[in-house]
Chemist: 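Quick one: the structure is below, and I'll ask about it shortly.
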Amino acid sequence: MAELLAKQDVHDLLARYLRAVDRGDVEGAAACYLPGATEDHGGVFDGPASDYLASIGGTLTHPKALTTHALTNVLVDVALAEDLDSGHARAESYVLAFARVRRPDGIVGDTLTSARMVDDLELRDGRWGIRHRALRWDWNHDMDRSETWVYGMLVDDAARLRRSEKFPHDVVYTEQAAEQAAEQPAEQPAERSAERSAEVPA
């Protein structure tokens, strides 16, 4: 049972990482790595994971940046210590990534890429984190931009569609903030009344 729960924790970690990338939540993505983690990004970058995130942070947070990373085919092998307080895992996951980019000729185009993330993870201080990632590319398909929302049949005016947004304005973060605010203890009415009474001259 502990191994199954650990596998689910690792899967959730990988999904949180990709959500953070798509939403431009750089701190959220960084939280998925362990201190001192390394990133081998398949010939694009090789070094500290913190430096990798710093190199792409501006792109991720740009208000017009549009990416979607779909996590599929996740295989996780887990080895837990007897006390269950520490352990190691290795995960292989396929990622299908869409991005809207400005091409070298200045025209906006779409690109679809398939890759695999091979991650070494460690359970440290009660949480799983990525210790080393090796990303490997499988294939890519570039195409002209064509967005008509089901040939215009989805809605009569695409401006009506409520779109995903960047951190912290996306619905995921605004709902979390609202829930956290609701959980804060309310001020005691009696205390407020006493304060008001003290302010009013007798």
Side-chain angles (χ1 to χ4, degrees), residues 5-80 85-101 111 113-138 163-181 183:
L5 292 174
K7 288 185 177 187
Q8 184 63 55
D9 287 342
V10 169
H11 186 283
D12 289 352
L13 173 74
L14 300 174
R16 283 198 306 273
Y17 175 84
L18 294 182
R19 180 180 70 185
V21 168
D22 289 335
R23 303 280 63 82
D25 179 4
V26 179
E27 288 188 8
C32 296
Y33 291 95
L34 293 171
T38 53
E39 174 87 16
D40 164 11
H41 213 74
V44 175
F45 178 93
D46 198 349
S50 57
D51 289 354
Y52 170 69
L53 289 176
S55 72
I56 63 172
T59 300
L60 298 184
T61 57
H62 192 284
K64 292 187 177 180
L66 177 58
T67 62
T68 301
H69 291 78
L71 182 69
T72 66
N73 295 32
V74 182
L75 295 172
V76 182
D77 292 319
V78 172
L80 293 172
D85 290 334
S86 61
H88 295 85
R90 185 172 178 83
E92 177 192 6
S93 49
Y94 284 65
V95 178
L96 189 62
F98 167 89
R100 180 155 291 161
V101 299
T111 184
T113 303
S114 177
R116 287 181 305 131
M117 299 185 303
V118 180
D119 294 319
D120 288 322
L121 305 102
E122 184 177 339
L123 177 61
R124 189 185 298 176
D125 297 326
R127 75 173 189 93
W128 286 98
I130 301 166
R131 185 174 58 184
H132 175 73
R133 166 167 290 164
L135 183 137
R136 293 297 179 263
W137 309 102
D138 287 336
R163 307 287 189 101
S164 294
E165 297 186 64
K166 293 295 182 181
F167 172 85
H169 305 294
D170 187 72
V171 62
V172 168
Y173 302 101
T174 57
E175 288 185 350
Q176 286 177 351
E179 290 172 1
Q180 290 172 356
E183 292 172 358

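When reading the values below, keep in mind they use all heavy atoms of this one structure, side chains included, and skip hydrogens, waters and symmetry mates.
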Chemist: Check A30 against L53 and note the closest heavy-atom contact, atom names and distance.
Modeler: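 So the two residues come closest at CA-CD1, 3.4 Å.
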Chemist: Do the side chain of K166 and the main chain of L60 share a donor and acceptor less than 3.5 angstrom apart?
Modeler: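 Here the side-chain-to-backbone pair exists.
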Chemist: Regarding D138 and Y94, is there a side-chain donor-to-acceptor distance under 3.5 Å anywhere?
Modeler: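 Looking only at side-chain atoms, Y94 and D138 do not form any donor-acceptor pair under 3.5 Å.
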Chemist: Strictly distance-based, threshold 3.5 Å: is any side-chain N or O of W137 a donor or acceptor partner for the main-chain N or O of G42?
Modeler: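 Confirmed, W137 side chain pairs with G42 backbone.
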Chemist: What heavy-atom pair brings A115 and L135 nearest, and what distance separates the two atoms?
Modeler: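 Heavy atoms only, the tightest pair is CB-CD2, 4.2 Å.
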Chemist: Quick one, H132 and D40 - any side-chain contact, counting heavy atoms below 4.5 Å?
Modeler: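 The answer is yes; the side chains approach within 4.5 Å.
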Chemist: Would F167 and V26 satisfy side-chain contact (heavy atoms from CB on, under 4.5 Å), going step by step from the backbone distance to the final call?
Modeler: CA-CA 9 Å; F167 172 85; V26 179; over 6 Å; no
Chemist: Shortest non-hydrogen contact from V10 to A91?
Modeler: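 Heavy atoms of V10 and A91 come nearest at CG1-CB, 4.1 Å.
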Chemist: Below 4.5 Å, heavy atoms only, C-beta onward: do V118 and R136 meet side chain to side chain?
Modeler: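 No, every pair of side-chain atoms sits at 4.5 Å or beyond.
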Chemist: Donor-acceptor pair, distance only, cut-off 3.5 Å: does the side chain of R23 make one with the backbone of E165?
Modeler: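 Checked: pair present.
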Chemist: Is there a donor-acceptor pair under 3.5 Å between the side chain of D25 and the backbone N or O of R19?
Modeler: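 Side chain of D25 to backbone of R19, a donor-acceptor pair under 3.5 Å: no, none is there.
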Chemist: Given side chains that start at C-beta, do those of L80 and L123 come closer than 4.5 Å, heavy atoms only?
Modeler: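 Yes, their side chains come closer than 4.5 Å.
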Chemist: Are there more than 12 heavy atoms of other residues, nucleotides or ligands under 6.0 Å from atom CG of D125?
Modeler: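 No, not enclosed.
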Chemist: Would you say the side chain of Y33 lies within less than 4.5 Å of the side chain of R133, judging by non-hydrogen atoms?
Modeler: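 Yes, at least one pair of side-chain atoms sits under 4.5 Å.
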Chemist: So does V172 get a backbone contact from the side chain of D170, meaning a donor-acceptor N/O pair under 3.5 Å?
Modeler: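 It does hold such a pair.
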Chemist: Might you point out which heavy atoms bring L71 and L14 nearest each other, and give the distance in Å?
Modeler: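 Closest approach of L71 to L14: CD2-CB, 4.0 Å.
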